[in-house]
Every structure is written in structure tokens, then in C-alpha cells.
Amino acid sequence: MIFTAAVYILLLVSNKVAAHGLITQINGANGVEMPGLTVVDGVRRDCPSAVCGGQKDTAVIRDQELGSVKASALGRTLSSGPVDPKRVISNFMKPSAQARAHTRHFLQARQVLNDVASVVTNAGGAILNGAQDIADKTPFGGAIKGAQSAVDDVAGALPGNKPGATTPSGTVENGFKGSTGKGLNKGLPSASNDGVITMIYHQVNQDGAGPLSAEIDATSVGTDPRAFKSAKVIQNIPGVEGFSTSSTMDYEVKIQVPSGMKCAGILNGVKDICIVRVRNNAISGPFGGSAAFTN
């Protein structure tokens, strides 16, 4: 009993210390699919903790940090620090020498940060962040996932929400490399005729839940915190103040572009870019992600 209680307490603490969610993909009404702007290849999508690496590319988006050395207007991630929208957009639109060099520098910086993070994790963070992994491997793991799924189904049935799908075991992110150059001929994902954008939100663990809020930047390509305007989330994800019983789940999220908003951002010759940013209201966050699209 004492051991069980200790594991339970550690699980709760680990969720409060490190828990996340992100946009992994945006699905354009024009049929174009593009990875989210924080996505990093090689990150496991089937595990919830920092020990397994499942939190490396989720963004912490805190108003007081945005636009500082610590975080860009899109927040910061464990793997790369301030989120740079050029990394994904340049790779998607045209695999130029500039984009490849940018990616190479990013990967080198990420490796340094990962080495530092590994030292911290091995020094004790594993005890907290690994508690959920331990619980999942016990005989109770299946029961926990089953209860989680049942609660999520009920919450997903509430107005404005839609049930999610459990991320398949063995899923590893490969959207960045897999999308290289695909936008060169097809362009960016587009909003629908009635101004709705559709994205996939991956909830890493319990503190990465909903409800989500959204903002859209139509001018600065995600570089100016002041350029973001509030947008309505018309299909949200389950949760209360950023917390739910779910982990390693994928949800479809829909955002309504404000009436009259026209995408006018420009990056490396690519025109008419908008950036959407979503985040929850978790006390230890907020956590979320971002994506690029066009009208």
C-alpha cells in the first residue's frame, strides 16, 4: 500500500512538473498536410514522459516569456529552445541550401541541449518523470488506460469536443523529413471556404489537456507576439484547466479564422502566410503548439 501510494504521488508530481501537448499536423482544405512548427523527427508519440523523450518538441507558451531571449512568439521547447517557424516552413516550401543549413544548425544545437537534458534527467529527474512509465508497465497499466479511454469518451461527447484516438504503440515522429519540399508545388495548407482550419493535437500526458485557446498572426510569420489576434476554437479537446485523464492521444481541433482576416505574412518569397497558435491553461504550462496556413 505504501509503495502504491508513493508511486501515485510521484505520478501526480511528474505530471505537474513536465506535461505537454502540441500540434503535430495541419490538414488544409486544399488537401495539403503540413507538420506543426515545433515538430522534431524521432520523438516518440506513444509515451508520456520526459524519460522516453515524448516531451521534446512540445511548446511552453507563457505570455511573460514571448519575444524574449528565452522564447519566441511561439514559445519554447525542450529540444530547441525558442521556436523558429522558419525551420519547418522553409523545409516544407523549398529544400533550399539555406533551409538545409538552417536545419543542420538546429540539429547541432538540439544535440547539445539533449546532452544537457540527459545529464539533468539522469541526475534525478528520471525518478519523477518516469513514474508514469513505471505505472504503465505494471499489471494496472491496462486498467488505467481503459479507464482513461472511458472518461475521455464521455468528455469528448460534450458540446464542442470530439473524442480522440489513442496513439498507436511504436509511433515515432517523421513529419519533418517526410514533408520536405512538398509545398513547393502544392503551397501551404489552406483554410476552408468558411474560414475554418483543421489540425491534429497530440496530448502527451494529463497536463496537456484542454480546453485550448487560439490566436492567429496574419502578418509577422510568428515572430511578433503583438501580431496575434484571438480566434475561436469551434472544436476543442476534453479537459478542465489543462488537465484530464488522457495521455498519448490525438485529437482533431478546428479553429475559426476571424472574419475579414487576410494572411499577409512573407517568408523567403512565400507569400500570404498565417500562423495559428494554440495552448491550454495548465498551471505548469501553458502548453501547446503552432502551424502555418494560408487563406
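- Side-chain contact between Ile266 and Ile273 is absent, with no heavy-atom pair separated by less than 4.5 Å.
- Side chains of Gln203 and Asn205: a donor-acceptor N/O pair is absent below 3.5 angstrom, by distance only.
- The backbone N or O of Asn30 lies less than 3.5 Å from a partner atom in the side chain of Ser190, making a donor-acceptor pair.
- Between the CZ atom of Phe228 and the OG atom of Ser290 there is a distance of 7.0 Å, given to the nearest 0.5 Å.
- Between Ala227 and Ser220, the shortest heavy-atom contact is CB-OG, 3.8 Å.
- Judged purely by atom type and a 3.5 angstrom limit, Asn281 has no side-chain atom pairing as donor or acceptor with the backbone of Pro286.
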Trace of the salt bridge (Lys or Arg N to Asp or Glu O under 4.0 Å) decision for Lys229 with Glu215: CA-CA 5 Å; Lys229 308 299 180 184; Glu215 300 88 26; over 6 Å; no
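- Other residues, nucleotides and ligands place no more than 12 heavy atoms under 6.0 Å from the CG atom of Asn193.
- Partners of Thr167 according to the side chain to side chain donor-acceptor pair (under 3.5 Å) rule, which considers only residues two or more places apart in sequence or in another chain, are His202, Asp250.
- The salt bridge (charged side-chain N to carboxylate O under 4.0 Å, His left out) contacts involving residues 283-294 comprise nothing, where partners must be two or more places apart or lie in separate chains.
- Atom SG of Cys47 and atom CZ of Arg44 lie 4.0 Å apart (nearest 0.5 Å).
- No path of Ile, Leu, Val, Met, Phe, Trp and Tyr side chains, each step under 4.5 Å between heavy atoms, connects Ile26 with Ile61, placing them in separate hydrophobic clusters.
- A single hydrophobic cluster is not seen to contain both Val253 and Val196; linkage of ILVMFWY side chains at heavy-atom distances under 4.5 Å, directly or through other members, places them apart.
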Worked check of side chain to side chain contact (heavy atoms under 4.5 Å, CB included) between Val257 and Ile216: CA-CA 8 Å; Val257 179; Ile216 296 177; 4.1 Å; yes
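- The list of disulfide (SG to SG under 2.5 Å) pairs with a residue in residues 234-295, not counting sequence neighbours, reads Cys263-Cys274.
- Side-chain contact annotation: Asp84 with Ser72, donor-acceptor N/O pair under 3.5 Å absent.
- In summary, the side chains of Glu33 and Ser179 do not present any donor paired with an acceptor at a separation below 3.5 Å, with no hydrogens or angles considered.
- The two residues Arg62 and Ser284 come nearest to each other via the heavy atoms NH2-O, 2.9 Å.
- Side chain of Asp41 to backbone of Lys177: a donor-acceptor contact under 3.5 angstrom is found.
- The closest donor-acceptor contact from the side chain of Glu252 to the backbone of Thr198 lies at 3.5 Å or more, if one exists at all.
- The shortest heavy-atom contact between Gly175 and Pro35 is O-CG, 3.7 Å.
- Among all heavy-atom pairs drawn from Ala209 and Ser244, the shortest one is CB-OG, 3.4 Å.
- Counting only heavy atoms from C-beta outward, the side chains of Leu267 and Lys86 approach each other to under 4.5 Å.
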Test salt bridge (Lys or Arg N to Asp or Glu O under 4.0 Å) applied to Arg45 and Asp57, step by step: CA-CA 11 Å; Arg45 297 296 184 217; Asp57 58 353; 2.7 Å; yes
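- Looking at heavy atoms from C-beta onward, Tyr251 lies out of side-chain contact with Ile200 at the 4.5 angstrom threshold.
- Separating the NZ atom in Lys70 from the CD atom in Gln64 is a distance of 8.5 Å, to the nearest 0.5 Å.
- Residues Ile255 and Ile234 fail the side-chain proximity criterion, which asks for heavy atoms closer than 4.5 Å.
- Note that Arg279 lies outside the cation-pi zone of Phe287, set by a 6.0 Å cut-off to the ring centre and a 45° limit from the axis.
- Smallest separation of non-hydrogen atoms from Gly222 and Leu74: O-CG, 3.7 Å.
- Counting heavy atoms from C-beta outward, Ile89 and Met34 have side chains that approach closer than 4.5 Å.
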Val172/Val43 under side chain to side chain contact (heavy atoms under 4.5 Å, CB included): CA gap, chis, key distance, verdict: CA-CA 6 Å; Val172 178; Val43 175; over 6 Å; no
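- Checking side-chain atoms of Asn280 against main-chain N and O of Asp207 turns up a donor-acceptor pair under 3.5 Å.
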Verdict with reasoning, Thr166 to Met249, per side chain to side chain contact (heavy atoms under 4.5 Å, CB included): CA-CA 4 Å; Thr166 301; Met249 298 283 289; 3.4 Å; yes
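- Atom CG of Leu66 and atom CZ of Arg226 lie 12.5 Å apart (nearest 0.5 Å).
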Audit row: Asp46, Thr248, side-chain hydrogen bond (donor to acceptor under 3.5 Å, both in side chains) steps and yes/no: CA-CA 6 Å; Asp46 62 349; Thr248 61; over 6 Å; no
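- To the nearest 0.5 angstrom, Asn27 atom CG is 8.5 Å from Lys254 atom NZ.
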Pair Leu22-Val39, side chain to side chain contact (heavy atoms under 4.5 Å, CB included): steps then yes or no: CA-CA 8 Å; Leu22 74 154; Val39 162; 4.3 Å; yes
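- Side-chain N or O atoms of Asn174 include none that pairs as donor or acceptor with a backbone N or O of Gly178 at under 3.5 Å.
- Note that the CD1 atom of Ile275 and the CG atom of Asp224 stand 12.5 Å from one another [nearest 0.5 Å].
- Shown here for Glu173 and Val40, the closest heavy-atom pair between the two residues is CG-O, 3.4 Å.
- Looking at heavy atoms from C-beta onward, Tyr201 lies out of side-chain contact with Thr24 at the 4.5 angstrom threshold.
- Between the side chain of Thr180 and the backbone N or O of Asn91, no donor-acceptor pair lies under 3.5 Å.
- Residues Ile23 and Val278 form a side-chain contact, since some pair of their non-hydrogen atoms from C-beta on lies under 4.5 Å apart.
- Annotation: side chain of Lys56 is not in contact with side chain of Thr77 (no heavy-atom distance under 4.5 Å).
- If you run side-chain contact (heavy atoms from CB on, under 4.5 Å) between Leu188 and each of Val32, Asp272, Thr294, only Thr294 comes through.
- Both Val233 and Met199 are assigned to one and the same hydrophobic cluster, defined by single-linkage of ILVMFWY side chains at heavy-atom distances under 4.5 Å.
- Seen from the ring of Phe92, Arg87 does not count as a face-on cation partner, given the 6.0 Å and 45° thresholds.
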